[in-house]
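Per chain, numbering begins at 1; letters A, B, ... match sequence-line order.
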Amino acid sequence: MTKSKTLTGGALLFEVLQEHGVHHVFGYPGGAIMPIYDALYDSDVKHFLCRHEQGAAFSAVGYARAAGTVGVCLATSGPGATNLITGLADALADSIPVVAITGQVPMAAMGSDAFQEIDIFGLSLACTKHSFQVTDINELEKVLHQAFEIALEGRHGPVLVDIPKDIQLAEVTQRLDKLSHLKNKVKLPLADISKALDLLTHAKQPILYVGGGVGMANAVEEVRDFADKTGMPSVSTLKGLGAINPDNENHLGMLGMHGTKTANLAVQESDLLVVVGARFDDRVTGKLDEFAPNAKVIHFDIDTAEINKRRDADAAILGDLKGNLPLLTTELDIADWQQKLQQMNTDFAWRYDHPGDNIFAPAVLKTVSDLMPSNTCVTTDVGQHQMWAAQHMTFDDPSNFLTSGGMGTMGFGLPAAIGAQISRPHDTVIAVSGDGSIMMNVQELATIKRYQIPVKVVLIDNAKLGMVRQWQDLFFEGRLSETDLSDNPDFVMLAKAFDIKSQLITKKSEVKAAVEEMLDHDGPYLLQVKIDAAENVWPLVPPNTANDKMMESV
Amino acid sequence: MSAMTLNKYQLIIMADDKQVVLERILQVTRYRGFLINGMNAEVNTGNNVATITMSVSSERPISLLIDQINKLIDIKGVKVDNSDVQIKQHSA
Ligand SMILES: Cc1ncc(C[n+]2csc(CCOP(=O)(O)OP(=O)(O)O)c2C)c(N)n1
Ligand SMILES: [Mg+2]
């Protein structure tokens, strides 16, 4: 069956986007994508003009992560396309479903070093899950459907579709009868369930190690249920935060380089790790050979390639966590272990009694966390403020804490918050940023201004590239090379230039009222929080060191 | 001088016959730490199936590369032909 109406490739793009439930896209126009922007003009899809393609990519990431759907971004050929790359790399590292559409020079000009021609298809190989270059108008519809399917199939990831200008202009004569479906590769079923049950029932000191895969598998409920019924103490990775119910008394917090003392010591002592949607990242394990040295491993993952990649599994359970984890649910006799760790949780609880009048960043973030409405979505940038947010804020779902985990990309926070706010207009969205990071996508304040996006920015200002400064102090003999930012712009004035309400606070006594004012404000707000430049993030497991050898101060 | 053991493997890869498929395989193989010692590719044959045989060596287990190649969307399947042929190589 063919539908009678003919349309261009550009118009077809928006039809397919709508078939996939996409109502919002982020992008930036240019020569080689003009036919698509021309089609956009007549489309019901709402486009947000970001002020840099990297901003568009991160907004698509934030949109996808906050709403659990696919984020879409558009860019022109050449520099527009290359500006997307950091966002795509970030999405690949954190397994985020994003579809990026790039314009390309016309086919006849391809391969001639034409104006604004770059081989984005070639560049995409290392920073996307998959990519396409469409060279036949009759392939376009199928490719676009496949792009969505691939972004969401199995382990999520970014997909790029490069569309030459003449394909955008070409008339579509044939429509697909129905959506195409990927041939699923036949994989060997890998499910050592009985072995896993055996390991579990014999464990005396088991730990549930929760990663970002839990949220992406939509298995928060199953993991909470498992944690409740087994009573197993749990630890979370940076991306796993929010998966375990915040009230769970057996949750020990984040593990790894800046993890809690209890979480790291517990993992080191454990005799069994039940790993759900996590991948033994080096920021989690510290020195790999000495990570959880006495633990057997039960590894749940959707990606075969993660099994035995960095740590061998004694039992591997491949596939959908949502269906698989309940198979392992059983009651455990681990009261002594639970009690011991609960005691450690109490003994090593965070302390906020910081001397002096200066603002203590952990305490500010704790205050924001305590005062923010339920279901607030928090994004962060990268650095000390990111780790403080992870340590001192509480999230009731993984989709409420968006941070650049795998890539650690400064500049993530502001555009990701924009995307999150657009996908969830009724929830509060807060970007916790640093004075270094905010400048990496500061142009997105213009996006906030244009669309009056009510994002709240908490800017932790230490006038430093603080995390690098901390490492220079600890591991490079205090040789502070290029980490001073004491000539930062006046952030309050900067916000004002974008009609964003703003305030600077410098004293502890101002914190509560300022946070309340920010949260009560209807529109966008920037709260600049001046902190002591010398503050460090503790605890810290030094690089290539076992996680029980953490530093707790200097 | 430290001795590292390089294992040599022969892989047979079946893929959708797309122009980019060789590039994808090369990129993943290099990135995951495998040296390519030789390659034979029958691609762009017009029958939708590309067959690539490749001999690689690495200190790393071959399962690591197989899993990653298998993850490529265009790949239909990967087989190891002769496993465990060991060669020794010295590195500074
Ligand atoms: C794009 C990018 N460039 C460089 C880095 C390295 N880096 C990690 S943290 C950091 C400092 C961040 O400074 P700021 O945003 O002020 O955060 P702070 O650590 O001071 O809280 C730098 C430069 C990075 N993560 N991302
Ligand atoms: Mg800073």
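Applying the side-chain contact (heavy atoms from CB on, under 4.5 Å) criterion to E59(B), with sequence neighbours excluded, gives M4(B), L6(B). Under the ring-ring contact (aromatic ring centres under 6.0 Å, His included) criterion, F132(A) pairs with H130(A), not counting sequence neighbours. Every residue was checked against the ring-ring contact (aromatic ring centres under 6.0 Å, His included) condition with H156(A), not counting sequence neighbours, and none meets it.
Separation of atoms CG (D119(A)) and CD (E23(B)) is listed at 7.0 Å; rounding is to 0.5 Å. The line from CG of D303(A) to CG of D67(B) is 8.0 Å long, rounded to the nearest 0.5 Å. Distance check, rounded to the nearest 0.5 Å: CD1 of I73(B) to OG1 of T128(A) gives 9.5 Å.
By the 4.5 Å heavy-atom criterion applied to side chains, R155(A) and K71(B) are counted as neighbours.
No more than 12 heavy-atom neighbours from other residues, nucleotides or ligands sit within 6.0 angstrom of NZ on K296(A).
Residues of residues 24-33 of chain B lying under 4.5 angstrom from chain A, judged on non-hydrogen atoms, are R24(B), Q27(B) by number.
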